[in-house]
Amino acid sequence: MGQGTEYGLVDLEEVDTPGDEWEEIDVSETEADRIARKRDRKFEQFEERIKDADQFKVEQSVFDDATLAALYKLVQDGYVEAFGGPLSTGKEANVYHAQGDGREVAVKIYRINASNFRQMRDYLEGDPRFEGLGGKKKDVVLAWTKKEFANLKRASAAGVRVPEPFATERNVLVMEYIGNEDGRAKRLGEVHIENPQTAYEVMREYMRRLYSAGLVHGDLSEYNVIYDEGQLVVIDLGQAVTVHHPNSRTFLERDCRNVASFFSRQGLEVTEDDLLEFVTSPEPDPSRD
């Protein structure tokens, strides 16, 4: 990172008004579910190609019929044209590099049989957008995917640099690929920071903008921020909650503790209390609505 870089702080005058916090998120049956039931010849041919592709053979358990149908629908709609290899794999989701509509995209596929299903419910319960969500594991994972899509849109509208979300279908999310021909962009914890003071100021401003838009990241650290061509990009917003979530303050305090701890290790005199005070002082304060 170059000395004196601005770290790509987004100009607030160039962003839109954040969305409606109370907007309901629908997790009912999608076109992908109907495609999976119908199983026509074109879908079966697509399913066979995916299952035979080398980059997918290791993780066959991710690709049940409904997930393949979701990918098929996204291909039909032009969001995905060709798949590359995996960018990351985890217990919760796999992310793949892909080509879509003349641009590179990242395709995030959440596992229906996610091992941290109960932890997902902790973040969803109490979020006003998901009131009445049933107890089925499938519904929770589908809600989580829609939640990340909605959170990315709101964060972007608030002036926070995040991967641009393009489409979601069932448990699949298509978004901007952050990286270049050499691979994905590195996480903040993986790079040498030559100007930590500026980077910290950008980070705390993004946290404040998220809070002002009614969101708390909930899992923010140097591993959920990436550095790309002079910009800090906040990622993994699936667990982000609204400020009215019963655990939002606990999550925010943890975010502040993680961020302050990281930049303290970079030599800055910062504290989680000072960061928390800065983040929670926008006007008007959304938590008082």
Side-chain angles (χ1 to χ4, degrees), residues 6-26 108 120 122-131 133 143-168 173 175-176 178 188 199-222 224-226 228 231-260 272 274-289:
E6 292 300 320
Y7 294 95
L9 183 63
V10 175
D11 188 344
L12 274 178
E13 294 182 359
E14 298 179 0
V15 302
D16 300 321
T17 303
D20 180 8
E21 175 174 355
W22 308 101
E23 177 184 2
E24 182 179 353
I25 295 181
D26 183 16
K108 189 171 190 175
M120 283 183 169
D122 291 341
Y123 284 95
L124 289 169
E125 290 177 346
D127 190 319
R129 298 171 296 177
F130 296 92
E131 289 184 358
L133 182 69
W144 191 268
T145 311
K146 296 256 187 174
K147 181 172 182 263
E148 179 159 18
F149 183 79
N151 288 342
L152 286 169
K153 288 178 65 176
R154 182 183 298 192
S156 180
V160 179
R161 179 68 175 99
V162 296
E164 180 183 355
F166 297 131
T168 181
L173 170 64
M175 57 189 166
E176 175 187 4
I178 309 292
L188 192 59
Y200 172 69
E201 290 171 2
V202 172
M203 275 300 304
R204 71 173 190 168
E205 177 62 22
Y206 280 168
M207 293 174 70
R208 189 180 198 177
R209 291 181 185 183
L210 277 177
Y211 186 83
S212 182
L215 284 180
V216 172
H217 187 284
D219 192 28
L220 192 60
S221 73
E222 65 271 25
N224 283 327
V225 179
I226 56 180
D228 179 59
Q231 291 185 319
L232 297 184
V233 186
V234 181
I235 61 171
D236 292 340
L237 271 77
Q239 74 292 317
V241 299
T242 71
V243 294
H244 297 99
H245 189 285
N247 295 324
S248 65
R249 184 74 176 193
T250 300
F251 296 155
L252 179 58
E253 289 173 352
R254 185 175 63 195
D255 286 351
C256 290
R257 184 163 55 252
N258 290 341
V259 171
E272 61 182 277
D274 288 343
L275 178 56
L276 180 64
E277 181 179 358
F278 178 87
V279 171
T280 56
S281 60
E283 293 295 341
D285 184 343
S287 68
R288 301 184 184 278
D289 292 346

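The first residue of the sequence shown is numbered 1, and numbering continues consecutively from there. Heavy atoms only: backbone and side chains are in, while hydrogens, waters and symmetry mates are out. These numbers come from a predicted model, not from an experiment.
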Contacts of type side-chain contact (heavy atoms from CB on, under 4.5 Å), residue Glu148, not counting sequence neighbours: Lys108, Tyr110, Leu152, Leu173
Indicate yes or no: at least one non-hydrogen side-chain atom of Leu220 is less than 4.5 angstrom from one of Val225. yes
Under a 4.5 Å cut-off applied to non-hydrogen side-chain atoms, are Thr280 and Leu252 in contact? yes
Working to the nearest 0.5 Å, report the span between [atom1] of [X] and [atom2] of [Y].
X	Y	atom1	atom2	result
Lys147	Thr242	NZ	OG1	8.5 Å
Tyr123	Phe251	OH	CZ	4.5 Å
Met207	Leu275	CE	CG	4.5 Å
Ile235	Ile226	CD1	CD1	5.0 Å
Leu237	Arg154	CG	CZ	11.0 Å
Arg204	Glu277	CZ	CD	10.5 Å

Checking Asp255 side chain against Ser221 main chain: does a donor-acceptor pair fall under 3.5 Å? no
Strictly distance-based, threshold 3.5 Å: is any side-chain N or O of Arg254 a donor or acceptor partner for the main-chain N or O of Gly218? yes
Please report the shortest heavy-atom distance between [X] and [Y], naming the atom on each side.
X	Y	value
Lys153	Pro165	CG-CG, 3.6 Å
Ala155	Val162	CB-CG1, 3.9 Å
His217	Leu210	CB-CD1, 4.3 Å
Val279	Tyr211	O-CD2, 3.5 Å

Looking at Arg257 and Glu253, is any side-chain nitrogen of the basic one under 4.0 Å from a carboxylate oxygen of the acidic one? no
Does Arg208 make a cation-pi contact with Phe278 (under 6.0 Å, within 45 degrees of the axis)? yes
side-chain contact (heavy atoms from CB on, under 4.5 Å) evaluation trace for Met203 with Leu232: CA-CA 8 Å; Met203 275 300 304; Leu232 297 184; 3.9 Å; yes
Test side-chain contact (heavy atoms from CB on, under 4.5 Å) applied to Asn224 and Val234, step by step: CA-CA 6 Å; Asn224 283 327; Val234 181; 5.9 Å; no
